[in-house]
Amino acid sequence: MERAGALRILAIADEECGEPSLRPLPPRVAQVLSGFDTPPRLVAHLRAVHEVAAQLVAWVERECPELVFDREAVLFGAATHDIGKVWHPEELSGPGSLHEESGRRLLLGQQVPQALARFAATHGAWGSADVVVEDLLVSLADKAWKAKRVPELEDLVVAELARASGREVWEEFLRLDEELTRIGEDAGARLAYQASYPVR
């Protein structure tokens, strides 16, 4: 990738945002993205989902400290979940799942450990038997960033929360519902931010 393009990707990954307020992508993720012909809109999307994942992680740590999970893995997974769209940019504006396995392979090719590369492949397969709570949180962030509600996915997260906390399922549902509603209030600003960047 030419230097100017790489610098533009790094700038999008790290630039100060006014509205919505989005934290920068992890440096390792920005470095990987800058090594490819990454669509600017993809960088913006990954940043929006990473922000929501960070909010979810903070909420879980505060509201259900009994739930043991790898916060850094969730954040890395959210920041790279759609990275396979580097090779399948048509899936940025249309349907498709080719990016999932491609993303895992891309990350492995960049010496990212399998334990972190897996999120690129699992974020759309949250119903599989072998997903763990980190996978569920990445999948939830990938829906919640645009205020999309998926009851089956939320039920799986609620079950993990209830199992860890010992509280009733309905109680955990209400708590999660309140947080997802709060996160959803900024969905319009996140969607506008993403749309402000071109696919190419």
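When a residue number appears, it is its place in the shown sequence, counting from 1. Because only heavy atoms are used, hydrogens play no part in the values below, and waters and symmetry mates are left out as well, while side chains stay in.
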Novice: Would L137 and V169 show up in the same hydrophobic cluster when neighbours are defined by side-chain heavy atoms closer than 4.5 Å?
Specialist: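 Linked within one cluster.
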Novice: Can you check whether L25's main-chain N or O pairs, donor with acceptor, with H50's side chain at less than 3.5 Å?
Specialist: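 Such a contact is absent between H50 side chain and L25 backbone.
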Novice: Measure the shortest side-chain to side-chain distance between R47 and R23 over non-hydrogen atoms and say whether it is less than 4.5 angstrom.
Specialist: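 They are not in side-chain contact.
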Novice: Side chains of T122 and H81, heavy atoms from C-beta outward: is any pair under 4.5 Å?
Specialist: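 Of all side-chain heavy-atom pairs linking H81 with T122, none is under 4.5 Å.
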Novice: Flag the pair L33 / L46 as yes when at least one side-chain heavy-atom distance between them is below 4.5 Å, and no otherwise.
Specialist: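 With C-beta onward as the side chain, the pair touches.
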Novice: Check the hydrophobic clustering (I, L, V, M, F, W, Y; side-chain heavy atoms under 4.5 Å; chains of links allowed) and say if F76 and L108 are grouped together.
Specialist: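 Shared cluster, no.
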Novice: Inspect the contact between K148 and D142 and indicate whether a charged nitrogen and a carboxylate oxygen are less than 4.0 angstrom apart.
Specialist: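 Looking at D142 and K148, the cut-off is not met.
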Novice: Going from NZ on K143 to CD on E154, what distance comes out if it is rounded to the nearest 0.5 angstrom?
Specialist: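 It comes to 11.0 Å.
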Novice: Is there a side-chain contact between E51 and D186 in this structure, where contact means two heavy atoms from C-beta onward sitting under 4.5 Å apart?
Specialist: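 Counting from C-beta outward, E51 and D186 never come under 4.5 Å.
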Novice: Compare every heavy atom of A120 with every heavy atom of L107, then report the nearest pair and how far apart it is.
Specialist: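 Shortest heavy-atom separation between L107 and A120 comes out as CD1-CB, 4.2 Å.
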Novice: Can you tell me if CD on E178 sees more than 12 non-hydrogen neighbours from other groups inside 6.0 Å?
Specialist: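 No, the 6.0 Å shell around CD holds no more than 12 heavy atoms from other groups.
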Novice: Are any of the side-chain heavy atoms of R167 and C64 separated by less than 4.5 Å?
Specialist: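 Yes - at least one pair of side-chain heavy atoms lies under 4.5 Å apart.
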Novice: How close do A189 and P20 get, counting heavy atoms only, and between which atoms?
Specialist: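 Minimum heavy-atom separation between A189 and P20: O-CD, 3.4 Å.
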Novice: Among residues at least two apart in sequence or on other chains, which ones pass side-chain contact (heavy atoms from CB on, under 4.5 Å) with I183?
Specialist: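 So I183 forms a side-chain contact (heavy atoms from CB on, under 4.5 Å) with V52, Q55, L56, A144, E179, R190.
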Novice: Do W59 and L176 have side-chain heavy atoms sitting under 4.5 Å apart?
Specialist: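 Answer yes - side chains close enough.
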Novice: Could you tell me whether E91 and K85 make a salt bridge, using a distance below 4.0 angstrom between a side-chain N and a carboxylate O?
Specialist: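 Here E91 does not pair with K85 in a salt bridge, since their nearest N and O are not under 4.0 Å apart.
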Novice: Within the 4.5 Å heavy-atom criterion, are E171 and L174 side-chain neighbours or not?
Specialist: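 E171 does not reach L174 side chain to side chain.
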Novice: Taking all non-hydrogen atoms of both residues into account, name the closest pair between A44 and I12 and its distance.
Specialist: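 Smallest interatomic distance, heavy atoms only, reads N-CG2, 4.2 Å.
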Novice: So which atom in Q110 and which in V32 form the shortest heavy-atom distance, rounded to 0.1 Å?
Specialist: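 The answer is CG-CG1, 4.0 Å.
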Novice: Mind checking whether H45 and W145 have parallel, tilted or perpendicular rings, split at 30° and 60°?
Specialist: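 Taking W145 first and then H45, their aromatic rings stand perpendicular (interplane angle over 60°).
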Novice: Does the pair H99 and H88 meet the rule for a ring-ring contact (aromatic ring centres under 6.0 Å, His included), with working shown?
Specialist: CA-CA 6 Å; H99 71 278; H88 299 283; 7.7 Å; no
Novice: Working to the nearest 0.5 Å, report the span between OG of S196 and CZ of R41.
Specialist: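 Between atom OG of S196 and atom CZ of R41 there are 8.0 Å.
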Novice: Would L67 and L161 count as a side chain to side chain contact (heavy atoms under 4.5 Å, CB included) here? Give the steps.
Specialist: CA-CA 7 Å; L67 183 62; L161 295 168; 3.9 Å; yes
Novice: Taking all atoms of both residues into account, what is the closest heavy-atom pair of I83 and L42, and its distance?
Specialist: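 It is O-CD2, 4.3 Å.
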Novice: Could you measure the distance from the CD atom of E90 to the CG atom of L92? Nearest 0.5 Å is fine.
Specialist: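 It is 8.5 Å, given to the nearest 0.5 Å.
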Novice: Hydrophobic clusters here meaning ILVMFWY residues chained together by side-chain heavy-atom distances under 4.5 Å, can you tell me if W170 and V158 are in one?
Specialist: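 Yes; tracing contacts between hydrophobic side chains, which count when under 4.5 Å, links both residues.
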Novice: Could you check if a side-chain atom of W87 sits within less than 4.5 angstrom of a side-chain atom of R105, using non-hydrogen atoms only?
Specialist: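 Yes, at least one pair of side-chain atoms sits under 4.5 Å.
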Novice: List in chain and number order the residues that pass ring pair (Phe, Tyr, Trp, His ring centres under 6.0 Å) with Y193, two or more places apart in sequence or in another chain; answer none if no residue qualifies.
Specialist: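 Ring pair (Phe, Tyr, Trp, His ring centres under 6.0 Å) list for Y193, sorted by chain: Y197.
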Novice: Only pairs at least two apart or in different chains count here, so list each side chain to side chain donor-acceptor pair (under 3.5 Å) that has a residue in residues 124-134.
Specialist: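 Qualifying pairs: none.
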Novice: Could you tell me which non-hydrogen atom of R118 sits nearest to which non-hydrogen atom of A115, and how far apart they are?
Specialist: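 Heavy-atom minimum between the residues: NH1-O, 2.6 Å.
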